[in-house]
Amino acid sequence: MDKDIIARQLVEKFGIAQLNDMQNAVIEKWQTSRKNLVLYSPTGTGKTLAFAVPVVLDIEGASLTTQVVIIVPTRELVLQVTEVLKKLAPSIKTTPCYGGHNSQEERKSLSQSPTIVVATPGRLLDHIERGNVNFQTTKTLVLDEFDKSLEMGFVDEMRQLIMRLPTTIRTIMTSATLIKNVPSFIDLSCFDTVNLLQQDALLPQSRITTWQVKCNSSNRIQCLKELLLSLPAEKTIVFANQRDTAQFIYQQLVKLGFTTGLYIGTLEQSEREKVLAMLRNGSLLVLVSTDLGGAVSTSVTSSTLSTMSSLSPTRFSLTAMAAQHVLMPLAMCL
């Protein structure tokens with residue numbers, strides 16, 4: 001794909017006139033070396049664009065086969081990566097595959113050989129075993145958030161998937177942490193490395209400002225109300241450590257007149273996607289979430305989110321974004 005088109009899409013769809021140093025380093029290394037590449041960079045630094053741009057640049061436009069497979073650990077990451085790719089290269093067909101999504105729709109889309117497939121390990125393996133996909137011409141494999149895939153127990157699935165992609169020529173692997181125990185099916189001696197984990201300016205704590213507001217436990221909802229009213233009319237996420245607490249906070253905020261959404265584990269995937277879309281487009285100004293919100297971080301960018309609030313029995317903690325156009329890790333709980 002033409003680099004001028006990508007540059008135009010970055011400006012028009014992402015508001016990015018220039019990629020950051022990490023993203024440029026990855027692109028340069030990928031284009032000048034023929035080896036695989038592993039990227040170590042903190043959460044929220046733009047790793048998705050770092051691999052998406054060079055992958056899209058390598059795509060042969062006239063081909064009607066699946067050229068790229070991107071494996072991610074969670075359904076939320078599937079949605080995020082797919083959204084980025086569709087904005088970056090709208091003319092290139094990208095098919096997302098993940099649990100909770102309509103498998104028949106996925107099978108139909110896969111039968112038409114999308115150029116890029118973005119999938120969770122278990123769902124992709126299921127499609128392969130059912131004969132729904134053809135990866136005989138796939139040249140590029142991306143293992144995004146590979147450290148998290150290992151943490152979530154996808155080692156066997158990842159091993160099987162790599163074995164099922166025999167024509168892969170090059171691999172990009174990303175991780176927010178150094179991987180101590182690399183599985184035997186990954187030979188890091190075949191990888192060039194871009195490591196930015198030691199750069200203080202990229203660490204999440206350097207991009208976040210935190211305040212603590214104390215209040216009596218009996219007045220938490222009133223405190224939260226006053227806190228929200230004191231903030232600019234921008235998007236905020238409130239975290240609770242239990243589902244019942246999140247539902248109670250949500251109900252109280254709705255009664256108080258706040259345009260509020262709820263994001264908890266019992267929601268159907270379609271409901272989760274809907275509430276996140278409403279947060280992005282401004283239909284919601286407040287989202288109440290359980291610690292499942294760690295997954296929300298993969299779907300909400302700093303341009304979408306202005307503040308986060310963590311509610312406990314004795315205090316509020318308000319976290320404000322200090323960066324732009326970065327994915328923010330929302331691993332805080334209430």
Side-chain angles (χ1 to χ4, degrees), residues 1 5-6 9-10 12-16 23 43-44 46-59 61 65-128 132-133 135 138 140-146 148-149 152 154 161 165 172-174 263 268-281 295-301 303-304 325-328:
M1 187 171 179
I5 296 176
I6 291 178
Q9 292 298 111
L10 286 171
E12 294 179 358
K13 301 297 184 180
F14 299 90
I16 299 176
Q23 293 162 341
T43 299
K47 292 194 292 294
T48 302
L49 275 178
F51 70 74
V53 171
V55 161
V56 169
L57 282 171
D58 279 355
I59 286 175
T65 59
T66 299
Q67 300 180 43
V68 180
V69 173
I70 301 173
I71 303 173
V72 302
T74 68
R75 64 188 72 181
E76 288 81 11
L77 261 175
V78 171
L79 296 172
Q80 174 204 312
V81 172
T82 300
E83 182 180 14
V84 168
L85 287 167
K86 287 186 175 180
K87 287 182 178 180
L88 188 65
S91 63
I92 292 175
K93 183 179 179 182
T94 299
T95 294
C97 302
Y98 56 93
H101 192 222
N102 189 310
S103 61
Q104 296 302 316
E105 289 183 8
E106 292 178 358
R107 184 174 68 175
K108 181 178 179 181
S109 181
L110 291 169
S111 69
Q112 299 169 9
S113 297
T115 304
I116 303 175
V117 173
V118 186
T120 51
R123 190 53 162 248
L124 185 58
L125 196 57
D126 181 66
H127 279 302
I128 292 175
N132 296 337
V133 291
F135 293 145
T138 300
T140 304
L141 172 65
V142 178
L143 305 175
D144 189 25
E145 301 287 357
F146 187 65
K148 189 168 291 293
S149 291
M152 295 176 68
F154 291 132
L161 286 170
L165 295 167
I172 299 179
M173 184 167 69
T174 79
Y263 192 97
E268 294 292 334
Q269 180 62 27
S270 60
E271 295 177 296
R272 296 185 196 178
E273 293 174 18
K274 180 180 178 180
V275 75
L276 290 179
M278 292 175 70
L279 183 68
R280 291 191 195 98
N281 66 28
V296 181
S297 66
T298 65
S299 300
V300 181
T301 64
S303 57
T304 298
H325 305 297
V326 219
L327 285 174
M328 177 60 207

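- The minimum heavy-atom distance between V78 and P96, with the atom names listed, is CG1-CB, 3.6 Å.
- Between V72 and Y98, every side-chain heavy-atom pair lies at or beyond the 4.5 Å cut-off.
- Of the possible polar contacts, none joining the T48 side chain to the V81 backbone as a donor-acceptor pair under 3.5 Å is found.
- Between the K47 side chain and the D144 main chain, no donor and acceptor come within less than 3.5 Å of each other.
- The minimum heavy-atom distance linking N132 with R107 is given by the pair OD1-CD, 3.2 Å.
- For the pair V55/L85, no side-chain contact is recorded, criterion being any heavy-atom separation below 4.5 Å from C-beta on.
- Side-chain atoms of T66 come within 3.5 Å of backbone N or O of P114 as a donor-acceptor pair.
- The closest side-chain heavy-atom distance from L10 to L49 is below 4.5 Å.
- The two atoms that bring V84 and F14 nearest to each other are O-CZ, 3.6 Å, heavy atoms only.
- In this structure, L276 CG and E83 CD are separated by 10.0 Å, a value rounded to the nearest 0.5 Å.
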Practice prompt. For K93 and S113, run side-chain contact (heavy atoms from CB on, under 4.5 Å): C-alpha distance rounded to whole Å, both residues' side-chain angles, the deciding distance at 0.1 Å, then the answer.
Written response: CA-CA 9 Å; K93 183 179 179 182; S113 297; over 6 Å; no
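- You'll find the side chain of V117 reaches within 4.5 Å of the side chain of F135, heavy atoms only.
- With L161 as the partner, the side chain to side chain contact (heavy atoms under 4.5 Å, CB included) test is satisfied by one option alone out of L143, V69, L125: L125.
- The closest donor-acceptor contact from the side chain of T174 to the backbone of E145 lies under 3.5 Å.
- One finds the CD atom of E76 at 10.5 Å from the OG1 atom of T120 (value rounded to the nearest 0.5 Å).
- Within a 6.0 Å radius of CD in E268, other residues, nucleotides and ligands contribute 12 heavy atoms or fewer.
- Note: H101 NE2 to E106 CD = 5.5 Å, rounded to the nearest 0.5 Å.
- The shortest distance between side-chain heavy atoms of R123 and R75 does not fall below 4.5 Å.
- With contacts defined as side-chain heavy-atom distances shorter than 4.5 Å, the pair I59/I116 qualifies.
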Discussion item. Could you go through I71 and F154, starting from their C-alpha distance and side-chain angles, then the distance that decides it, and tell me whether this counts as side-chain contact (heavy atoms from CB on, under 4.5 Å)?
Written reply: CA-CA 11 Å; I71 303 173; F154 291 132; over 6 Å; no
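- In this structure, T74 and M152 have side chains that are in contact, with non-hydrogen atoms separated by less than 4.5 Å.
- Between the side chain of Q9 and the backbone N or O of A89, no donor-acceptor pair lies under 3.5 Å.
- At least one side-chain heavy atom of V53 sits under 4.5 Å from a side-chain heavy atom of L57.
- The backbone N or O of K108 lies less than 3.5 Å from a partner atom in the side chain of S111, making a donor-acceptor pair.
- Considering OG of S103 and CG of L110, their distance stands at 10.5 Å, rounded to 0.5 Å.
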